[in-house]
A.B. asks: 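Attaching a single structure in structure tokens format; questions to follow.
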Amino acid sequence: MKAKDYCTLTCGDKSIKLPVYEGTEGPDVIDITKLYRETGFFTYDPGYMSTGSCHSEITFIDGDKGILRYRGYPIEQLAEHSDYLEVCYLLLEGELPNEEQKKNFKDTITHHTLLHEQMAKTYTGLQRDSHPMAIMVTIVGALSAFYHDSTDIDDEEQRTKAIDRMIAKMPTMAAAAYKYSIGQPFVYPDNNLDYVSNFLRMCFAVPTEKYVVNPVFAKALDTIMILHADHEQNASTSTVRLAGSSEANPFACISSGVTSLWGPAHGGANEACLRMLEEIGTVDRVPEYVKRARDPNDKYRLMGFGHRVYKNYDPRARIMQKTCHAVLHELDHDDDPILKVALELERIALQDDYFIERKLYPNVDYYSGITMRALGFPSSMFTVLFSVARTVGWIAQWKEMIEDPRQRIARPRQLYVGKTERDFIPLDKR
Ligand code: CMC
């Protein structure tokens with residue numbers, strides 16, 4: 001990469017000229033890779049507030065303007081005109097597929113939906129009341145125990161096969177996690193259905209009854225999947241890249257992404273948000289919760305609000321709100337009491353100085369929980385759905401990293417503030 005400029009940093013009695021690189025969009029970056037070697041200093045940036053960890057061509061976010069684009073295409077256009085599998089192709093390959101490429105990709109994914117039959121036994125080793133995300137962490141990691149012929153990361157053919165398998169099998173694994181948790185038989189994939197309809201069927205069909213996919217629900221789930229498909233270097237994606245930097249196999253890397261996603265500050269926020277809205281319960285109790293969220297002595301936060309990058313309305317939240325209305329309308333639940341609480345909470349928070357000053361707006365998780373609940377999913381499945389959708393982002397970023405000749409093992413350093421050297425004290429003297 002060619003430097004656009006240089007900036008000079010003086011550290012103690014040493015000065016260093018650091019290259020400045022310009023991306024196609026977004027802030028310029030200062031390359032500090034030689035800083036330690038030439039000055040003896042590390043940088044310190046807990047939480048990566050000012051640190052770019054890689055260069056990437058996949059997703060662009062402008063948090064101040066509320067912009068999200070995959071490979072240059074605005075999320076609003078993709079949500080309206082595209083479909084999830086097409087978005088998967090775009091994220092992986094960099095371009096929208098032509099008709100033939102689209103058909104071939106769909107065929108490939110469709111023909112990898114089935115799970116190794118032995119995998120069903122892996123589920124039965126887990127407790128019935130396990131959280132479905134706990135099951136997902138186990139099952140996704142277990143893929144590397146079943147598909148040995150796609151774990152060699154140096155073989156392009158194996159990498160591609162692993163990618164196809166991940167995208168194809170995530171819905172099957174997620175639906176089985178749900179079925180297992182409610183004691184119903186697993187439903188095999190039906191390759192006559194499209195990706196999301198198949199997912200809905202595997203989650204909600206039972207062998208005793210005919211299941212007809214509601215097209216409004218299928219469209220809503222497809223939109224949810226597109227909105228969650230990638231989000232540049234967030235916690236789970238960075239976890240996948242970090243795990244992959246040691247050349248671990250892709251299935252193991254994706255299971256590390258699932259683990260990282262689970263937390264309430266990241267993918268677990270949709271579940272936490274619905275719980276919060278249900279706890280608030282009625283519109284008249286909203287001010288009480290806003291008061292708690294702004295109290296500096298109370299650690300309480302409004303779930304589904306705020307974002308490390310967006311300091312404006314999360315563009316995904318806007319689309320999600322529309323999708324939420326469409327699903328509730330289809331169900332004749334336009335008066336859903338939880339939606340009313342959500343709308344009122346948003347209205348009050350957006351007028352409140354605390355939220356205005358900190359630029360806290362609804363994020364994607366704010367309306368996704370209400371929507372997924374309306375589709376019939378229990379809250380414990382919300383983060384699972386997020387993980388299914390985000391798999392393509394994780395695997396596209398993993399692929400980009402593996403194919404980057406500059407890639408090396410990720411190894412951050414630290415500011416050590418522990419004890420200096422001291423002598424061991426025998427037990428009887430402590
Ligand atoms: N409710 C109340 N106050 C908040 C909230 C919130 N949801 N989020 C941030 N703040 C306050 C925070 O207390 C701090 O105030 P002060 O400056 O007085 O100390 C200020 O805003 C900045 O917060 P921060 O924690 O330094 O910001 P961050 O960038 O480290 O955290 C976040 C981002 C998403 C973890 C945080 O906003 C949060 O915890 N939100 C709720 C959980 C949530 O909805 N997460 C989903 C994120 S979007 C989906 C995804 O990417 O996974």
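Each ligand, and each atom within it, is numbered from 1 in the order the structure gives. Atoms considered below: every heavy atom in the structure, side chains included; atoms not considered: hydrogens, waters and symmetry mates.
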A.B. asks: Hey, are Glu278 and Arg373 close enough for a salt bridge, meaning a charged N less than 4.0 Å from a carboxylate O?
C.D. replies: yes
A.B. asks: When you measure from atom 43 (C) of ligand 1 to every protein heavy atom, which one gives the shortest distance, and what is it?
C.D. replies: Ala269 CB, 3.5 Å
A.B. asks: For atom 48 (S) of ligand 1, what's the nearest protein heavy atom and its distance?
C.D. replies: His307 CD2, 3.3 Å
A.B. asks: Test your reading of the structure: does Gly304 have an N or O sitting under 3.5 Å from an N or O of ligand 1?
C.D. replies: yes
A.B. asks: Just go through Met276, Met303, Arg308 and tell me whose heavy atom is the nearest to atom 33 (C) of ligand 1.
C.D. replies: Arg308
A.B. asks: For ligand 1, which is the ligand I care about here, please tell me if Leu302 has any N or O atom under 3.5 Å from one of the ligand's N or O atoms.
C.D. replies: yes
A.B. asks: Does Asp83 pair with Lys102 as a salt bridge, N-O distance under 4.0 Å?
C.D. replies: yes
A.B. asks: Could you check which of Arg292, Arg301, His231 puts a non-hydrogen atom nearest to atom 12 (C) of ligand 1?
C.D. replies: Arg301
A.B. asks: If we set the cut-off at 4.0 Å for heavy atoms, which region of Arg294 has an atom near ligand 1: side chain, backbone, both, or neither?
C.D. replies: neither
A.B. asks: Ignoring angles and geometry beyond distance, decide whether Lys311 reaches within less than 3.5 Å of ligand 1 through its nitrogen or oxygen atoms.
C.D. replies: no
A.B. asks: Which value, rounded to the nearest 0.5 Å, describes the distance between Ser56 atom OG and Arg241 atom CZ?
C.D. replies: 5.0 Å
A.B. asks: Whether Glu279 and Arg275 form a salt bridge (side-chain N of Lys/Arg under 4.0 Å from carboxylate O of Asp/Glu) is what I want to check.
C.D. replies: no
A.B. asks: Should we say atom CD of Gln184 is surrounded by more than 12 heavy atoms from elsewhere, each under 6.0 Å from it?
C.D. replies: yes
A.B. asks: Would you verify whether the NZ or CZ of Arg292 falls within 45 degrees of the ring axis of Tyr300 while also being under 6.0 Å from that six-membered ring's centre?
C.D. replies: yes
A.B. asks: May I ask you to check if ligand 1 and Asp365 share an N or O to N or O distance below 3.5 Å?
C.D. replies: no
A.B. asks: Between Glu344 and Arg347, is the closest basic N to carboxylate O distance under 4.0 Å?
C.D. replies: yes
A.B. asks: Considering Tyr366, Tyr310, Tyr354 one by one, which has a heavy atom nearer to atom 2 (C) of ligand 1 than any of the others?
C.D. replies: Tyr354
A.B. asks: Can you find an N/O atom of Phe305 closer than 3.5 Å to an N/O atom of ligand 1?
C.D. replies: yes
A.B. asks: So does Glu156 have more than 12 non-hydrogen atoms from other groups sitting under 6.0 Å from CD?
C.D. replies: no
A.B. asks: Which residue owns the protein heavy atom closest to atom 47 (C) of ligand 1, what's the atom, and how far is it?
C.D. replies: Asn363 ND2, 3.6 Å
A.B. asks: Please list the nearest protein heavy atom to atom 34 (C) of ligand 1 with its residue and the distance rounded to 0.1 Å.
C.D. replies: Gly306 O, 3.7 Å
A.B. asks: For atom 45 (N) of ligand 1, grab the closest protein heavy atom and report residue, atom and distance to one decimal in Å.
C.D. replies: Ala265 O, 3.2 Å
A.B. asks: To the nearest 0.5 Å, how far apart are CG in Asp194 and CG in Leu85?
C.D. replies: 8.0 Å
A.B. asks: Using a heavy-atom cut-off of under 4.0 Å, does the side chain or the backbone of Leu360 touch ligand 1, or both, or neither?
C.D. replies: side chain
A.B. asks: For atom 50 (C) of ligand 1, find the nearest protein heavy atom and state the residue, atom name and distance (0.1 Å precision).
C.D. replies: His266 ND1, 3.4 Å
A.B. asks: Is it the case that over 12 heavy atoms from other parts of the model lie below 6.0 angstrom from the CZ atom of Arg37?
C.D. replies: no
A.B. asks: Using a 4.0 Å heavy-atom cut-off, say whether Arg358 meets ligand 1 through its side chain, its backbone, both or neither.
C.D. replies: side chain
